[in-house]
There are 2 protein chains.
Amino acid sequence: MEYINSHILERELKKGSAELLILSLVESRPRHGYEISKLIERRSEGAVRFNVASLYPLLYRLEKRGWIDGRWVEKAGQRRRRYYRLTPEGRKILAAQRRGWQAFAAAVNRIAGVEHA
Amino acid sequence: MEYINSHILERELKKGSAELLILSLVESRPRHGYEISKLIERRSEGAVRFNVASLYPLLYRLEKRGWIDGRWVEKAGQRRRRYYRLTPEGRKILAAQRRGWQAFAAAVNRIAGVEHA
DNA sequence: GTTAATATATTCCATAGCGATATATTGTGC
DNA sequence: GCACAATATATCGCTATGGAATATATTAAC
């Protein structure tokens, strides 16, 4: 199933939702970058895909802002991974971003005339 | 009502939805740039706002791609306005973008754990 | 021993949003 | 008659950033 130019729309939309998606995924438990990218791909059924060149710099930005907190975990028989967990500050931001997303999605649905999206 | 950092989310998200919103607004009848920007602001209740430096170049792009068709209208007692109407090609793109938006919004809702957004 | 999958990382380029600014016209209040 | 706000279109220049390409390292599979 391939929509005409749908990839353009998705590419652009993805940008704004990236933070919300990442924060949401590390809400329940710490996760590492690769896991996050794979989760987004699977759960969105391909509608959202992250380029590593976007994902990792974004994780650094979120950490620098104090919204997530990363620490290296070394395990025998595994590559070292950096697990990120949500900080209290990040939890507040996540709540705000959820509200922002809902307001935005509602507005787009209203204007674009999309019923029960 | 001001959400923490919500402007960041909105700024980014806007990019991807801009085309969808504009195409939707010129679907029913031709409209000019200023009218489009005001309509988006009003109908979104402030959740989406267009900077003129984004709006006009975007209109030119859409026209260049053949999705909308603009023509100048001069009226006594009014500044000249450029009215844009949706082309048949634009109509197809709009339908595809609506589907793309729905798929995207559904994916974000699923991942971000937003209920009935 | 070669390939694929996992996992993190960076460089470079093109795109594009937006603040600032400009121009022109019409309507309103004083 | 004049200042000001609203309408309407337009562009310059800065900056952010997304993504292709590429690199490195480890483990599993064949």
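Quick caveat, the model's predicted, so the values are computed rather than measured.
At whole-Å resolution of the value, CD1 in B:I22 and C1' in C:dA16 are 13 Å apart. Rounded to whole Å, the distance from CG on B:L55 to P on C:dG19 is 14 Å. The separation between A:E74 atom CD and C:dT8 atom C1' is 13 Å, rounded to whole Å. Taking atom CZ of residue A:R65 and atom P of nucleotide D:dA16, one finds them 12 Å apart after rounding to whole Å. The CG atom of A:L58 sits 14 Å away from the P atom of C:dA9 (whole-angstrom rounding). Regarding A:K75, its NZ atom lies at a distance of 14 Å from the C1' atom of C:dT6, rounded to whole Å. In this structure, CG of A:L59 is placed 12 Å from P of D:dG18, rounded to the nearest angstrom.
A salt bridge between B:E63 and B:R82 is present, with a side-chain N of the basic residue lying under 4.0 Å from a carboxylate O of the acidic one. The pair B:E45-A:R110 meets the salt-bridge criterion, since a charged nitrogen lies less than 4.0 angstrom from a carboxylate oxygen.
The closest side-chain heavy-atom distance from A:E27 to A:R91 is below 4.5 Å.
Side-chain contact of B:R81 with B:Y83: a donor-acceptor pair under 3.5 Å is present, judged by distance alone.
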- Query: In the 5'-to-3' direction, what one-character label does each nucleotide of nucleotides 5-11 of chain D receive under the scheme B = base within less than 4.0 Å of a protein heavy atom, S = sugar-phosphate only, - = no such atom?
  - Reply: --BBBBB

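Below 30°, between 30° and 60°, or above 60°: for A:H32 and A:Y34 the angle between ring planes is below 30°, a parallel geometry.
Grouping the Ile, Leu, Val, Met, Phe, Trp and Tyr side chains by contacts below 4.5 angstrom, directly or via other members, places A:I68 apart from A:V73.
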